[in-house]
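To start, the structure itself, in structure tokens.
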Amino acid sequence: MHAEDVPLPTIAEEVGTPVYVYSRATLERHARVFREGLDAVPDKLIAFAVKSNPNLSVLKVLQQQGYGADVVSVGEMRRALAAGMAPEMIVFSGVGKTRAEITAALEAGIGQFNIESEEEGLELAELAAGMGLEARCALRINPDVDAGTHDKISTGKADNKFGVPISEAGQIFGKLAGQPGVRLRGVAVHIGSQLGDLAPLEAAFVKLGELVTFLRGAGHAITHVDLGGGLGVPYRKGENPPSPAEYGAMVARVTKDWDVRLIFEPGRVIAGNAGVLLTRVVRVKRGIKDPFVIVDAAMNDLARPALYGAYHGFDAVEPDGSQMTANIVGPICETGDTFAMGRECDALKAGDLAVFRTAGAYGATMASSYNSRGFVAEVLVDGDKFAVVADRIDAGAIMDAERVPEWLA
Ligand code: LLP
């Protein structure tokens with residue numbers, strides 16, 4: 001198995017395992033296909049959802065593709081800026097922006113704040129006015145639409161913490177639009193992630209369109225609408241989520257009379273299938289029913305199976321053609337550290353290499369150092385060359401940041 005033209009065993013030998021491996025060509029292809037899907041949208045900004053993969057080199061690839069960034073913290077904003085993204089092409093979402101973060105983003109001159117509550121909007125207005133600035137803003141709307149995805153990654157239902165209820169949007173918009181310090185020029189929505197169906201997205205966009213008409217009727221100038229991210233990707237063979245072209249056609253149809261600049265915040269659809277997590281089998285342990293294939297990657301490196309019961313394809317790097325049924329587990333001391341139970345997969349033995357697929361989004365970015373395992377390394381491949389784009393941070397380096405106070409020693 002190769003990543004582009006680089007044999008995965010070469011990377012495992014030189015960098016060690018576990019390691020995330022990303023393909024530049026795939027990132028570029030996904031960025032292009034998503035952009036081309038939106039060819040019928042005349043005025044747009046595509047802002048990559050940095051949370052899905054904040055690696056600086058990944059951001060650099062997307063910056064070169066003309067992408068901006070959707071950020072949810074100052075840490076992400078600094079990454080986008082460091083990757084060369086123009087401040088005007090950065091959108092700041094998130095329900096808990098602190099005063100320090102708002103101030104830093106105002107200083108950086110970012111393109112848009114997506115305000116998630118009346119309280120946040122008033123605070124932002126006060127801070128911006130105090131700095132003699134006018135912040136470009138949109139109000140994030142909670143459209144009360146069921147995205148039909150996993151509960152933990154659904155964001156547009158009335159009881160989710162995101163945005164303001166659509167029923168109160170007109171009133172809150174009016175109040176915030178009157179504040180010095182903010183230029184409220186649009187609305188934003190994001191209903192959830194890994195959506196396998198366009199219907200909930202369309203329902204949310206239709207509601208948003210009605211709101212735009214209402215707000216204009218009330219005398220507000222609406223020039224920007226942020227449609228968020230959410231497009232799903234196939235994790236298993238046979239899964240067939242809507243393509244960027246189908247998504248783009250729906251968006252173009254629903255928004256054709258809006259006369260605004262549309263902002264998109266794709267994450268997973270760009271990065272998900274551009275990366276794998278390369279791992280080595282530590283040993284195979286006999287089980288009552290199926291054997292346990294114990295790999296050197298764990299839930300601290302790839303949290304999605306433990307957190308969401310998510311499925312990741314699992315294949316041998318050098319398959320010998322035979323198959324086995326196995327429980328795929330990591331070394332961490334809890335049962336949640338299980339990638340798959342009773343999985344039909346390539347036959348594997350101790351020392352063999354394998355990959356978890358579709359790990360380019362919400363993979364390394366969600367890593368932790370649980371069980372004092374350190375932070376996983378990341379590699380970017382480009383044709384026949386590759387580079388370590390994030391060093392492995394070993395457990396020792398993490399321990400070095402800790403101290404025992406004198407009064408305890
Ligand atoms: N915009 C906003 C405001 C978001 O909250 C998100 C994702 C996105 C855009 C990007 O959504 P995407 O295009 O990637 O679906 N850790 C979870 C996913 C959490 C998504 C959170 N928000 C997972 O591993 O499935």
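Note that these values count all heavy atoms, side chains included, but never hydrogens, waters or copies made by symmetry. Indexing begins at 1, ligand by ligand and atom by atom, following the structure's order. Along the sequence shown, residues carry numbers from 1.
- At a threshold of 4.0 Å, the pair Asp226-Arg140 does not count as salt-bridged, since none of the basic side-chain nitrogens sits closer than that to a carboxylate oxygen.
- Of all atoms in ligand 1, numbered sequentially from 1 with element shown, those under 4.0 Å from a heavy atom of Gly267 are 12 (P), 13 (O), 14 (O).
- With ligand atoms numbered from 1 in the order given, ligand 1 contributes 13 (O) to contacts under 4.0 Å with heavy atoms of Pro266.
- Every atom of ligand 1 is numbered from 1 in the order shown, and the set under 4.0 Å from a heavy atom of Asp70 is 1 (N), 2 (C), 9 (C).
- Proximity of Phe162 to ligand 1, defined as any heavy-atom pair under 4.0 Å, is not found for any part of the residue.
- The closest heavy-atom contact to atom 7 (C) of ligand 1, among the options Arg304, Gln194, His190, comes from His190.
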What's the verdict on side chain to side chain donor-acceptor pair (under 3.5 Å) for Thr17 and Asp296, showing C-alpha distance, side-chain angles and the deciding distance? CA-CA 7 Å; Thr17 54; Asp296 66 2; 2.5 Å; yes
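- Between Pro234 and Asn273, the shortest heavy-atom distance links the atoms O-ND2, 3.3 Å.
- Residue Gly230 places at least one N or O, backbone or side chain, under 3.5 Å from an N or O of ligand 1.
- At a threshold of 4.0 Å, the pair Arg24-Glu28 counts as salt-bridged, since one of the basic side-chain nitrogens sits closer than that to a carboxylate oxygen.
- When only non-hydrogen protein atoms are considered, atom 14 (O) of ligand 1 lies nearest to Tyr362 OH, 2.6 Å.
- Atom 19 (C) of ligand 1 has its closest protein heavy atom at Ile153 CG2, 3.7 Å.
- A salt bridge is defined here as a Lys NZ or Arg NE, NH1 or NH2 lying under 4.0 Å from an Asp or Glu carboxylate O, and Glu4 with Lys385 fails to meet this definition.
- Of all atoms in ligand 1, listed by their number and element, those nearer than 4.0 Å to a heavy atom of Arg140 are 3 (C).
- Near Gly229, the atoms of ligand 1 lying under 4.0 angstrom from a non-hydrogen atom of the residue are 9 (C), 13 (O).
- Contact annotation: for Glu265 versus ligand 1, heavy atoms closer than 4.0 Å belong to both the backbone and the side chain.
- Aromatic ring centres of Phe339 and His312: separated by at least 6.0 Å.
- Close contacts of ligand 1 with Met366, meaning ligand atoms under 4.0 Å from a residue heavy atom, involve 16 (N), 24 (O).
- Atom numbering of ligand 1 starts at 1 in the shown order; those under 4.0 Å from a heavy atom of Arg268 are 12 (P), 13 (O), 14 (O), 18 (C), 23 (C), 25 (O).
- Asp151 has a carboxylate O that lies under 4.0 Å from a charged side-chain N of Lys157, or vice versa, which qualifies the two as a salt bridge.
- When ring centroids are compared, Phe173 and His220 come within the 6.0 Å threshold.
- Electrostatic pairing of Asp315 and Arg357 counts as a salt bridge here, judged by a charged N lying under 4.0 Å from a carboxylate O.
- Listed by number with element, the atoms of ligand 1 under 4.0 Å from a non-hydrogen atom of Ser193 are 11 (O), 12 (P), 14 (O), 15 (O), 20 (C).
- The shortest heavy-atom contact between Pro331 and Val295 is CD-O, 3.3 Å.
- Within the 4.0 Å heavy-atom cutoff, Lys152 does not count among the residues contacting ligand 1.
- Ranking the protein heavy atoms by distance from atom 17 (C) of ligand 1 puts Tyr308 OH, 3.1 Å first.
- Between Lys97 and Glu120 there is a salt bridge, since at least one side-chain N of the basic residue sits less than 4.0 Å from a carboxylate O of the acidic one.
- In terms of protein heavy-atom proximity, atom 22 (N) of ligand 1 is closest to Lys51 CD, 3.7 Å.
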